[in-house]
Amino acid sequence: MDASDVGTDLKEVLIPADRLRERVAELAAQIDADYAGRELLLVGVLKGAVMIMADLARAMRLPVEMDWMAVSSYGSGTRSSGVVRILKDLDTDISGRHVLIVEDIVDSGLTLSWLVGNLRSRQPASLRLCVLLRKPAAARMDVDVAYTGFDIANEFVVGYGLDYAERYRNLPFIGTLAPHVYGGVEEAAGAGGPAEVSETGVDPPGELAGEQAGNTISDGER
């Protein structure tokens, strides 16, 4: 699947597939170095993290285990209140384990802040967060992200696991969704020019997590 298959649904390709592969490989190398000599459990948040979780695990040289969670955030429309329920819990006991949460995007931070608190209460040896995308302008909760792929502007993005109404997840790149698709309007500050995207360096290992306002909230609202 490529941009031509979705016609005018996309405003632009924000991060091409080859740049995503490069950045995921860089993140994998940093995680390998930071967790050398330790057993690591990757926890992916369904459904948006499927692509980044799979590619990150394959790019790592360190043997890892994987598990998944699914959460739902209550809210109206495409916005979340941050009130969360677990739809699928972990199959693994994380007590005493080194755990890395893998997410597609951090937006307001409400749901993933709750999720991190929940997992921390299970007494892992360490708990950190790796996210592919981060929207600093949309943050409503201070979230400590250990590994970040890209900072992006506060636009509605799809592809590489991110969806709108369960569509566009299988695009191999990150693109901005045209406002006519979801009934939105162009932001004055963003009209007429490309969306902002910047690669971020790896932060010092920390503990916490994320979301995406504008996208469907069934994926943990982000």
*Asks:* Got a donor-acceptor contact below 3.5 angstrom from the K11 side chain to the P179 backbone?
*Replies:* no

*Asks:* Measuring from atom CG of L42 to atom CD1 of I31, what distance do you get when rounded to the nearest 0.5 angstrom?
*Replies:* 7.5 Å

*Asks:* Between CD1 of I101 and CZ of R128, what distance do you get to the nearest 0.5 Å?
*Replies:* 12.5 Å

*Asks:* Under 4.5 Å between any side-chain heavy atoms of R167 and D9, yes or no?
*Replies:* yes

*Asks:* Is any side-chain heavy atom of E155 closer than 4.5 Å to a side-chain heavy atom of L14?
*Replies:* no

*Asks:* For atom CZ of R38, is the number of surrounding heavy atoms from other residues, nucleotides or ligands below 6.0 Å larger than 12?
*Replies:* yes

*Asks:* Find the distance between CG (D55) and OH (Y160) and round it off to the nearest 0.5 Å.
*Replies:* 3.5 Å

*Asks:* For M69 and L119, what are the C-alpha separation, side-chain angles and deciding distance, and is it a side-chain contact (heavy atoms from CB on, under 4.5 Å)?
*Replies:* CA-CA 11 Å; M69 289 190 74; L119 294 184; 3.7 Å; yes

*Asks:* How would you list, by chain and number, every residue that makes a side-chain contact (heavy atoms from CB on, under 4.5 Å) with A17, sequence neighbours excluded?
*Replies:* R21, P172

*Asks:* Could you tell me whether the side chain of L132 reaches within less than 4.5 Å of the side chain of L20, counting heavy atoms only?
*Replies:* yes

*Asks:* CE of M53 to CG of D104: how many Å apart, nearest 0.5 Å?
*Replies:* 12.0 Å

*Asks:* Run the side-chain contact (heavy atoms from CB on, under 4.5 Å) test on Q30 and L27 for me, step by step, so that the C-alpha distance in whole Å, both residues' side-chain angles and the decisive distance to 0.1 Å come before the verdict.
*Replies:* CA-CA 5 Å; Q30 184 62 54; L27 293 174; 5.8 Å; no

*Asks:* A side-chain contact here means heavy atoms from C-beta on lying under 4.5 Å apart; do T8 and V181 qualify?
*Replies:* no

*Asks:* Parallel, tilted or perpendicular: which fits the ring planes of Y147 and Y35, with parallel below 30° and perpendicular above 60°?
*Replies:* tilted

*Asks:* Verify side-chain hydrogen bond (donor to acceptor under 3.5 Å, both in side chains) between D2 and S4, making sure each step is shown before the conclusion.
*Replies:* CA-CA 6 Å; D2 60 28; S4 65; 2.4 Å; yes

*Asks:* For atom CD of E22, is the number of surrounding heavy atoms from other residues, nucleotides or ligands below 6.0 Å larger than 12?
*Replies:* yes

*Asks:* Is there a side-chain contact between I94 and L127 in this structure, where contact means two heavy atoms from C-beta onward sitting under 4.5 Å apart?
*Replies:* no

*Asks:* Donor-acceptor pair, D67 side chain versus T92 backbone, under 3.5 Å?
*Replies:* yes

*Asks:* Side chains of R122 and L90: closer than 4.5 Å at any heavy-atom pair?
*Replies:* yes

*Asks:* Run the numbers on L171 and L10 for side-chain contact (heavy atoms from CB on, under 4.5 Å), then give the verdict.
*Replies:* CA-CA 11 Å; L171 289 169; L10 288 182; 4.3 Å; yes

*Asks:* Walk me through it: do D144 and L129 pass the test side-chain contact (heavy atoms from CB on, under 4.5 Å)?
*Replies:* CA-CA 8 Å; D144 186 6; L129 176 67; over 6 Å; no

*Asks:* Sort out for me which residue in V157, V6, L162 forms a side chain to side chain contact (heavy atoms under 4.5 Å, CB included) with Y168.
*Replies:* V6

*Asks:* Is the side chain of R23 donor-acceptor paired with the backbone N or O of T148 at a distance under 3.5 Å, no angle test?
*Replies:* yes

*Asks:* For residues N118 and I86, determine if any side-chain heavy atom of one lies less than 4.5 Å from a side-chain heavy atom of the other.
*Replies:* yes

*Asks:* Under the side-chain hydrogen bond (donor to acceptor under 3.5 Å, both in side chains) rule, collect the residues that match up with D32, sequence neighbours excluded.
*Replies:* none

